[in-house]
Amino acid sequence: MGVGSEIRPTEEVSSESRPTLGVDSEIRATLGGDPRGVGPFFQSQRLEIYREHFERLLEMGRAYPTFESAEELDAMRTAARERKETFRYRRPDDYDHAAATARMKTEEHVLRFHMTSEPVRVVDEVLGEIEFTDQHFDDFIIRKRNGFPTYHFAVVVDDELMGVTHVLRGQEHLNNTPRHVGLQKALGFATPTYAHLPLIFNPTGSKMSKRDKDKAARAACKEAGLKASPITSIADREFKGWLKDKKSQLHTEQLVELAAHLSLELPEIDVDDFRRSGYLPEVVCNFVALLGWNPGMKNDDGTDVEKFDMDFLGEHFDFSRIGKGPSKFDRAKLLSFSRDALAAMSDGEFESCWRAWCERYDPSILERLGDSFALAARAAKLRARTLKDAANAVRFALVEDDAYAFDARAVKKVLLKNDGEGLNVLDGFREKLGAIEPFEPDAIESAVRAFCDSREIGMGTLAQPLRVAVTGSTVSPGLGETLALLGRERTIARIERCLAVEHKVSGG
RNA sequence: GGCCCCAUCGUCUAGCUCGGUCCAGGACGCCAGGUUCUCAUCCUGGAAACGGGGGUUCGAAUCCCCCUGGGGUCACCA
């Protein structure tokens, strides 16, 4: 969801960027820097800026070089674990700064920040005051062997230079805060206001992560026993590497294609995933805001205020009402919010939203519906939980007239029962079809009603056989809408096909 | 394991700051009815929670302590 992430000016920003509530596009638009002089936004281009601050820290003795290899550090960690101790890198008591800085001129090294043992008090807007006392601070790395700053160093410098006053991030960053504060103090920077937001979990209880999509896809691939890449957009070699490395990620486009190939529903994680799944952006915003925050207001009918827009959020949002505990992402409730929002739209609004979604994600729907799209939108609106889901309501109209199957139970119950009463009624009504004018929902329903009245039968006695005849199932939108959507020709064709096919069944 | 954070129905939460109006309210989901040509919608009703134990108090969901539970974090990732 991007909530736990920070948008950092890293080397990887362009490939790994996540559109987070529209912020990303702005940042990308100014990658080279902006009029305030805060850019450039590529770490490689900022190295000179960082270098200056590394120097300062080095001079005041708060930064120092260390020369252990990654393997040596690993060994030290393992040894510490065996002694049941937490591994902490601390500057040796006999550390000789002059010697070390001389040595760093010729040897590969990393730079570490020397944390003092002075307690760090963090004032967090949602958690309150937290004191990180113990001497458990370690001297963390601020510059890697390759000369690039680590995240901890980069955030602190970048935030200062960008004039960042408020840092909102996931609670997973809470333990990093004393490091950042320590760095800020050493560098003489101001400490921004911190607000650590509660984490969001999957219904299973695991942390919601952008890697979840890869995880799901990987599991499906293994399930299917796939050894080689099934699609051209993923090179075989890349595919195999991805299968093996649990931390690797494919591009969204590749994942989407792979999921389609496996008929797998990818979990929605990024804002874009939700859009693809047919959720309105404003609904997602509303829902996510409600995870961990609550306006604490009542509606006139005594229910809680839960549905609101960005304006409301802008006016009422405040840190003090943010929950402290993590929350699980409840798909069912999101779906409910989504359905309500779609249903609350005018027919016209829904039609254009759905059309836009189809254009972007499934143009074939547009082609198949053609001029009937508006009618289909009307039929689908009340039945759609998401824009993606909308097509299901009118699925019957998307297939060829002889390509849908008749549900066996429906046929038995609706058409064949009572010596084929359904088929007889259907046959009787078929003749009336030519006379309905215009062939639109209201007129069609009137005709159905009139026919039933004249025969003194209930609406259902005709409606259900008709529905099964033209859709193959007992479920569809209102009868008028269903028939109108197909049009007169197709309706008649479908009824005739049904009568022909079922004749054999009932005869046998 | 060390450190840090958290703890009300299955889920999201209101209530906790200023203890009594809370035998705990709402929403989603679930169950049972009703309306309707099916589905969906809509309406009515229902089951469902203050993790446990100690305090403080006339009185605790609300304050304090302990336990338990959940989570986060311990990288030359961000």
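Proteins come first, then strands; the chains are lettered A, B, ... in the order of their sequence lines, and each starts at number 1. Not measured: the values here are computed from a predicted model.
Using a 4.0 Å heavy-atom criterion, one finds that A/Ser69 contacts the bases of the nucleic acid, with or without backbone contacts as well. A/Ala332 comes within 4.0 angstrom of the backbone, heavy atoms only, and of no base. Among the protein residues, A/Thr474 comes within range of the nucleic acid bases, having at least one heavy atom under 4.0 Å from a base atom. Residue A/Glu306 is in base contact, counting any heavy-atom pair closer than 4.0 Å across all strands shown. Within the 4.0 angstrom heavy-atom criterion, only backbone atoms of the sugar-phosphate kind lie near A/Arg321; the bases stay farther away. Across all strands shown, A/Gly292 has heavy atoms under 4.0 Å from sugar-phosphate atoms exclusively, and none from any base. Residue contacts shown for A/His152 include a base, since a base heavy atom lies under 4.0 Å away. Among the protein residues, A/Leu466 comes within range of no part of the nucleic acid, since none of its heavy atoms lies under 4.0 Å from any strand. Within 4.0 Å of A/Ser476, counting heavy atoms only, lies at least one base atom of the nucleic acid. No engagement by A/Arg143 is indicated, since no non-hydrogen atom pair under 4.0 Å with the nucleic acid exists. Residue-level contact check: A/Glu68 touches the bases, meaning some heavy atom is under 4.0 Å from a base atom. Nucleic acid contact for A/Phe201: sugar-phosphate only, since backbone atoms but no base atoms lie under 4.0 Å from a heavy atom of the residue.
If you take CD1 of A/Ile322 and C1' of B/C6, they are 15 Å apart, rounded to a whole angstrom. For A/Asp330 and B/U11, the CG to P distance is 10 Å, given to the nearest whole Å. Note: CG (A/Leu174) to P (B/A78) measures 20 Å, nearest angstrom. Atom CZ of A/Arg88 and atom C1' of B/G2 are 7 Å apart (whole Å). The CZ atom of A/Arg81 sits 18 Å away from the P atom of B/C3 (whole-angstrom rounding). As rounded to whole Å, 17 Å separates atom P of B/C3 from atom CE of A/Met115. Distance, A/Asn299 CG to B/G25 C1': 13 Å, rounded to whole Å. The CG-C1' distance, from A/Asp304 to B/U11, rounds to 15 Å in whole Å.
By the 4.0 Å N-to-carboxylate-O rule, A/Arg383 lies too far from A/Asp389 to be salt-bridged with it.
Centroid-to-centroid, the aromatic rings of A/Phe287 and A/Phe329 come within less than 6.0 Å. Aromatic ring centres of A/Phe373 and A/Trp354: separated by under 6.0 Å. Aromatic rings from A/Trp357 and A/Phe274 are positioned such that their centres are separated by 6.0 Å or more. Ring pair A/His173/A/His196: centre-to-centre distance not below 6.0 Å.
Of all nucleotides listed (B/U38, B/C76, B/U41), B/U41 comes nearest to the side chain of A/Arg339. You'll find that the side chain of A/Arg77 is closest to B/C76, out of B/A27, B/A14, B/C76. Side-chain proximity of A/Asn175 to B/G26, B/G72, B/U13: nearest is B/G72. Side chain of A/Lys328, nearest nucleotide from B/C5, B/C12, B/G72: B/C12. Here the side chain of A/Leu291 is nearest to one of B/C12, B/G29, B/A75, namely B/C12. Listed candidates were B/G72, B/U11, B/U38. Nearest to the side chain of A/Arg467 is B/U38. For A/Lys298, taking side-chain heavy atoms from C-beta onward, the closest of the listed nucleotides B/A14, B/A78, B/A75 is B/A14. The side chain of A/Arg449 has B/C37 as its nearest neighbour among B/C37, B/A78, B/C4. Each of B/U41, B/G26, B/C77 was ranked by its minimum atom distance to the side chain of A/Lys144; first place goes to B/C77. When distances are taken from the side chain of A/Gln464 to each of B/C5, B/C12, B/C37, the shortest belongs to B/C37.
Counting distance only, with no hydrogens placed and no angle test, the side-chain atoms of A/Glu445 and the base atoms of B/C37 include a donor-acceptor pair under 3.5 Å.
Rounded to the nearest Å, the gap between the C1' atom of B/C30 and that of B/C66 is 37 Å. One C1' atom belongs to B/C50, the other to B/U13, and the distance between them is 13 Å to the nearest Å.
Of the residues near RNA chain B, A/Pro326 and A/Glu131, the one whose nearest nucleotide (by heavy atom distance) lies more toward the 5' end is A/Glu131.
Qualifying side chain to side chain donor-acceptor pair (under 3.5 Å) partners for A/Asp139, counting only residues two or more places apart in sequence or in other chains: A/Tyr64, A/His114.
Annotation: cation-pi pair A/Arg143/A/Tyr50 absent, no NZ/CZ under 6.0 Å from the ring centroid and within 45° of its normal.
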